[in-house]
Each structure stands twice: as structure tokens, then as C-alpha cells.
Amino acid sequence: MKAAQPNKWLIIMAYFVVYVVWGSTYFFIDKALHGFSPFILGSFRFIGASTILMGYCQLMGYKLWNKQIVKQCMFTGFMLLFIDMAGIIWSEQFLPSGIVAIMAASAAIWFVVLDKPKWKQNFSSLPTILGVLFGFIGVLMLFYEQSTSVSVNEEQQFLNMVGLIVLVVCSIAWTLGSLYSKYITDKQKTQIVKKPTEDLHIMVKTAWQMITAGVLFNTVAIFNGEYARFDLHHVATEDWMAMAYLTTFGSILAFGSYIWLLQVRPAIEVSTYAYVNPIVAVALSHFFSDDIVTHLQIYGLGVILFSVLLMNWNLYKNTKLVQKILHFVSRKHYAH
């Protein structure tokens with residue numbers, strides 16, 4: 001019996017959430033930073049999100065504990081949600097949210113550079129090599145733009161450069177954590193054991209990652225003095241609304257939509273969110289904040305997105321849509 005196809009409007013709504021909500025989180029981090037210091041923001045966001053998500057998993061009857069898997073989730077939570085998000089939040093104190101989103105999109109470069117088992121495959125492909133080169137050029141354009149900006153003083157230029165370097169380190173951490181998660185999962189699938197370990201639901205794993213990030217953010221906020229300086233009376237209503245948005249829409253709804261789409265749509269199709277998120281972030285930064293979006297930033301965004309396209313070209317060219325486009329173009333070419 002053929003499985004029932006999901007409602008097309010649910011798919012459209014899920015894509016809207018993944019495209020727009022994830023892209024808007026950079027903008028709302030900037031807004032939340034008006035009332036919350038960086039590590040308190042991360043602490044509140046991930047402790048709140050993990051509490052809601054773990055409560056949902058318990059209501060659904062999912063298994064919540066497996067020592068080995070939870071340890072792995074703690075490591076990926078440390079790399080993906082703590083190191084990466086801490087750098088993003090901290091950098092947005094100095095950098096426009098649009099710039100941060102563009103730098104986040106450049107993480108695709110490091111997936112090619114650091115995925116050693118696929119070096120032979122990746123670096124034997126001309127589009128992939130060109131994609132890496134264009135990606136680095138795009139990042140260098142952003143560094144140049146921030147280091148030569150006449151609208152800020154030398155001290156701010158220095159902070160901007162530090163922020164960009166932090167974002168590069170965060171992208172590397174995100175990549176290493178993602179690769180670890182990928183290969184440890186592949187290893188578990190192929191490993192032959194007498195008593196197979198029952199896996200945990202993806203939502204449970206995500207909740208443990210968020211718990212790890214929330215605890216670490218909270219610990220740093222305690223020891224670096226952020227809680228000592230924190231005054232609830234200085235947090236405006238709009239700051240709490242931004243925090244609530246990041247916790248519910250950014251950390252729960254968007255991720256849930258992403259996971260659901262991966263189950264019902266091709267992964268390559270779902271991955272297109274990486275092209276839309278920075279565009280949404282730059283648009284929000286330009287129209288709803290005082291940040292100035294320069295032509296060089298737009299050019300850098302275009303170069304980086306083009307580089308991501310090239311790095312994924314070998315995957316995209318096998319999809320039906322791209323095959324139809326290439327066939328159409330070739331017919332036009334021969335017709336002329």
C-alpha cells in the first residue's frame with residue numbers, strides 16, 4: 001500500500017518557516033542583545049527550548065536516555081550549539097546581523113576542506129574546487145569591507161575584524177561537529193554488535209544538544225560576571241519578545257520543520273535553505289535596523305552563494321529539475 005503523501009500546503013508552510021524563520025534569527029539575536037548579554041541570551045534561549053522540547057518528547061513517549069548516545073549529543077551540542085552559537089551571538093555585538101549570516105553561509109567551504117575521507121572525491125571535481133576558491137574570495141571581500149569602512153573608527157574596525165575571525169573559527173567548529181555527528185552515525189549503522197543499542201529519536205538528541213549548550217552558556221555567564229551585572233528591570237518588552245521568538249520559533253519550530261521536510265522531501269531540495277537564510281537576514285538588517293548594507297557586502301553575499309552552488313553542483317546536477325534545465329538549455333543551443 002502506497003504511503004499517503006503529505007499535504008502540499010504543509011510542505012509550503014514548512015519551507016516558509018525554514019527559509020524565513022531561520023534567516024530571521026540573526027536579526028532577532030541583534031534585537032535580544034539590547035537587553036541580554038551574549039551568554040545570558042544563549043543560556044535563556046537553549047534552556048528554555050530544551051525544556052519545552054524534552055517535555056514534548058516525554059509526552060510522546062520517546063526514550064529519553066542512552067548513555068553512549070547522550071555523550072555523543074553532548075559533544076555535538078558543545079560544537080554546534082555552544083561554540084558556533086556563542087561566536088555568532090558574541091560577534092553580533094559588533095557586526096551587522098547580515099554580515100554574520102553571510103559568514104555562516106560560508107561554512108560550506110569547511111565541509112569540503114575538512115572532510116578528509118572525501119578529499120579525493122571533492123578535489124577531483126572542478127566545480128567543487130572553483131566553489132572553494134570563490135568561497136574564500138567572498139570571505140576576503142567581507143574582511144576587506146569591514147577593515148576599510150570609513151563609517152567606523154579604528155577601534156570599531158579592530159572589533160569587526162576580531163568578530164569576523166571568531167565567525168571563521170565558529171564555522172570550523174560547526175563543520176567538525178557536523179562531520180563527527182555524520183561519521184559516528186554511519187559507524188553505528190554499520191557496526192555489528194550482539195545486542196544492538198536502541199537509538200534515540202532525533203528530537204530527543206536535539207533536546208540533549210540544547211541542554212548541553214544551555215548549561216555551558218549558563219556556566220560561562222556565571223563566571224564571566226554577566227549575571228552579576230544583569231538587571232531584569234533593564235530588559236524591555238521587545239527584548240523578551242525577541243528572546244521568546246528565538247526560543248520557540250528559532251530553536252523549536254524551525255528545526256522541527258527542517259527535520260520533517262527531510263523525511264518527506266529530497267535532502268538536496270531541503271538544503272536550499274542555505275541560499276535563502278542570508279538573503280532574509282541581509283534584507284531584515286537593511287530595512288528594519290540602522291545597519292548599512294554596502295554594495296561590497298552584497299557582492300560578497302553573491303560570490304559566497306555562488307560558491308555554495310558550485311560546491312554542491314555534483315549533487316544538484318543529478319536532480320530532475322536541473323536535468324530538465326540543462327536539457328532545455330542544450331536544445332536552445334543546438335537550435336541556434
Evaluate whether atom [atom1] of [X] has more than 12 neighbouring non-hydrogen atoms of other residues, nucleotides or ligands under 6.0 angstrom away.
| X | atom1 | result |
| --- | --- | --- |
| Phe16 | CZ | no |
| Phe249 | CZ | no |
| Met203 | CE | yes |
| Gln93 | CD | yes |
| Tyr62 | OH | yes |

With sequence neighbours left out, what residues match Glu92 under side chain to side chain donor-acceptor pair (under 3.5 Å)?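 Applying side chain to side chain donor-acceptor pair (under 3.5 Å) to Glu92 gives none.
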Test of understanding: with side chain to side chain donor-acceptor pair (under 3.5 Å), list the residues that count as partners of His295, not counting sequence neighbours.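 With sequence neighbours excluded, His295 shows a side chain to side chain donor-acceptor pair (under 3.5 Å) to no residue whatsoever.
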If you group Ile, Leu, Val, Met, Phe, Trp and Tyr whenever their side-chain heavy atoms sit less than 4.5 Å apart, what else falls in with [X]?
| X | answer |
| --- | --- |
| Ile12 | Trp9 |
| Val162 | Trp90, Phe94, Phe158, Leu159, Val166 |
| Met241 | none |
| Leu140 | none |

Does a side-chain heavy-atom distance below 4.5 Å link [X] with [Y]?
| X | Y | value |
| --- | --- | --- |
| Thr248 | Leu253 | no |
| Phe143 | Ile165 | yes |
| Lys31 | Asp239 | no |
| Asn277 | Val20 | no |
| Leu10 | Trp260 | yes |
| Met85 | Ile29 | yes |
| Ile99 | Val282 | no |
| Gln72 | Lys205 | no |

Quiz question: by atom type and distance under 3.5 Å, do the side chains of [X] and [Y] form a donor-acceptor pair?
| X | Y | result |
| --- | --- | --- |
| Arg45 | Ser251 | yes |
| Ser43 | Asn218 | yes |
| Glu226 | Asn224 | yes |
| Asn122 | Thr128 | no |

Under the rule for side chain to side chain contact (heavy atoms under 4.5 Å, CB included), what residues qualify as partners of Thr206, not counting sequence neighbours? Leu53, Ile202, Met210, Phe255
[atom2] on [Y] to [atom1] on [X], rounded to 0.5 Å:
| X | Y | atom1 | atom2 | result |
| --- | --- | --- | --- | --- |
| Leu142 | Met161 | CG | CE | 10.5 Å |
| Trp240 | Thr247 | CH2 | OG1 | 9.5 Å |
| Ile89 | Leu246 | CD1 | CG | 8.0 Å |
| Met79 | Cys170 | CE | SG | 10.0 Å |
| Thr294 | Glu145 | OG1 | CD | 3.5 Å |

With [X] via ring pair (Phe, Tyr, Trp, His ring centres under 6.0 Å) - residues at least two apart:
| X | result |
| --- | --- |
| Tyr227 | none |
| Tyr258 | Trp22, Tyr273 |
| Phe75 | Tyr180 |
| Phe28 | Tyr245 |

Where does the angle between the aromatic ring planes of [X] and [Y] fall among parallel (under 30°), tilted (30 to 60°) and perpendicular (over 60°)?
| X | Y | result |
| --- | --- | --- |
| Tyr19 | Tyr15 | tilted |
| Phe82 | Phe39 | tilted |
| Phe134 | Phe306 | perpendicular |

Give the C-alpha distance, both sets of side-chain angles, the deciding distance and a yes or no for side-chain contact (heavy atoms from CB on, under 4.5 Å) between Ser178 and Leu80. CA-CA 7 Å; Ser178 299; Leu80 301 181; 3.5 Å; yes
Pairs where residues 102-118 contributes a residue and the test side chain to side chain donor-acceptor pair (under 3.5 Å) is met, not counting sequence neighbours: Asp115-Tyr183
